[in-house]
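Reviewing the structure listed below.
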Amino acid sequence: NAGVTQTPKFQVLKTGQSMTLQCAQDMNHNSMYWYRQDPGMGLRLIYYSASEGTTDKGEVPNGYNVSRLNKREFSLRLESAAPSQTSVYFCASKPDRYSGNTIYFGEGSWLTVV
Amino acid sequence: EDKVVQSPLSLVVHEGDTVTLNCSYEVTNFRSLLWYKQEKKAPTFLFMLTSSGIEKKSGRLSSILDKKELFSILNITATQTGDSAVYLCAVDTTSGTYKYIFGTGTRLKVLA
């Protein structure tokens, strides 16, 4: 029962470097999300994809890009990492954007930008 | 602007105590309210509440929603050290972005 899988789990980047966080779900869910979690800030939505082929900005999209590669995979790219992007990143999915079903989270990716 | 506010921000209790965590919200097009428990990694689902006044219960945890006053509470009775975690409240809206809005969480520490 893999659920939502994120890689890498830990990463240290230098300011200005780029990287991609990968996310895959095996539950045949239509909707996928990327959140960041910072101390005292709760979970904030970066980007989401309501269905394959669509992506939309969330609350804090600046400095990030996303790709919904297919129904299973939703990647998050940092083009030029900044220390302000040091955070824990969670990928999540749910069956579709219309249902009241709960959202399923990956294990998180701890990113430090120095 | 939609918002979800949790209180208290943190709480320290002793094993056996009962705790009440609060979540208030102001959102357009409310659909449901969800509670999650987050230990070291991913949040794990506890409850989803859609109807006012109907208590959801699972073991020592229970939750209720008041849609008139726009809040929910999460109760934990006979707390154990394993209940130590951050408890997150989220509201699912039917607004154009179809997103979950999360509160900042309540950090609960249960001392032996």
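Remember, it's a predicted structure, so these values are computed and weren't measured experimentally. Each chain gets a letter, A, B and so on, in the order the sequences are listed, and its residues count up from 1.
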Lys3(B), NZ atom: more than 12 neighbouring heavy atoms under 6.0 Å: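 No, the 6.0 Å shell around NZ holds no more than 12 heavy atoms from other groups.
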Enclosure of Arg44(A) CZ (heavy-atom neighbours >12, cutoff 6.0 Å):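 For Arg44(A), atom CZ is crowded (more than 12 foreign heavy atoms under 6.0 Å).
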Under the side-chain hydrogen bond (donor to acceptor under 3.5 Å, both in side chains) test, residues paired with Arg77(A) that sit two or more places apart: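 By the side-chain hydrogen bond (donor to acceptor under 3.5 Å, both in side chains) rule, Arg77(A) matches Ser18(A), Thr20(A), Glu79(A).
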By side-chain hydrogen bond (donor to acceptor under 3.5 Å, both in side chains) - contacts of Lys71(A) (at least two apart):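 Only Asn28(A), Asn30(A) meet the side-chain hydrogen bond (donor to acceptor under 3.5 Å, both in side chains) criterion with Lys71(A).
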Same cluster or not: are [X] and [Y] linked, directly or through other Ile, Leu, Val, Met, Phe, Trp or Tyr residues, by side-chain heavy atoms under 4.5 angstrom apart?
| X | Y | result |
| --- | --- | --- |
| Val19(B) | Leu74(B) | yes |
| Tyr87(B) | Val91(B) | yes |
| Val27(B) | Phe71(B) | no |
| Leu46(B) | Leu11(B) | yes |

Exercise: identify the closest heavy-atom pair between Ala42(B) and Phe90(A):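 Looks like CA-CE2, 3.7 Å.
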Max heavy-atom pair count under 4.5 Å with chain A, selected residue of Val4(B), Val86(B), Thr104(B):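 Option with the top pair count is Thr104(B).
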Proximal to chain B - members of residues 105-114 of chain A, heavy-atom separation under 4.5 Å: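 Near chain B, by residue number: Phe105(A), Gly106(A), Glu107(A), Trp110(A).
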What distance do [X] atom [atom1] and [Y] atom [atom2] have between them, rounded to the nearest 0.5 Å?
| X | Y | atom1 | atom2 | value |
| --- | --- | --- | --- | --- |
| Gln6(A) | Lys41(B) | CD | NZ | 11.0 Å |
| Leu88(B) | Gln37(A) | CG | CD | 6.0 Å |
| Phe102(B) | Ile103(A) | CZ | CD1 | 5.5 Å |

Under 4.5 Å from a heavy atom of chain A, the part of Gln6(B) involved: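 Neither part, no heavy atoms under 4.5 Å.
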Tyr47(A): partners by ring pair (Phe, Tyr, Trp, His ring centres under 6.0 Å), with sequence neighbours left out: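 Partners of Tyr47(A) by the ring pair (Phe, Tyr, Trp, His ring centres under 6.0 Å) criterion come out as none, since no residue qualifies.
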